[in-house]
> 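The structure's right below; bear with me while I get my questions together.
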Amino acid sequence: MSILTHGFDRPFGETKHPVRISEARKAQLKRVALGALTMLSMGSVLTALIALKTAIHVWHLHA
């Protein structure tokens, strides 16, 4: 639908009723999101430890 023929008072893709997510689906999505955040956090900590170990190793080589 063209922006010229579509009114600015209503959004594109307007539906008749709002989409509802079940409580079970919300809980599942929350668990997946928390799991993904946990994995990213663990990856960040692991990367920081590897970088620290590498920096200490390089520092000892040049000392």
> L29 and side chain to side chain contact (heavy atoms under 4.5 Å, CB included): which single residue from R25, R31, K26 fits?
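Among R25, R31, K26, the one that satisfies the side chain to side chain contact (heavy atoms under 4.5 Å, CB included) with L29 is R25.
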> What is the distance from atom CD1 of I50 to atom CG of L46, rounded to the nearest 0.5 Å?
4.0 Å
> Let me confirm one number: the CG-OG1 distance from L52 to T47, rounded to the nearest 0.5 Å.
12.5 Å
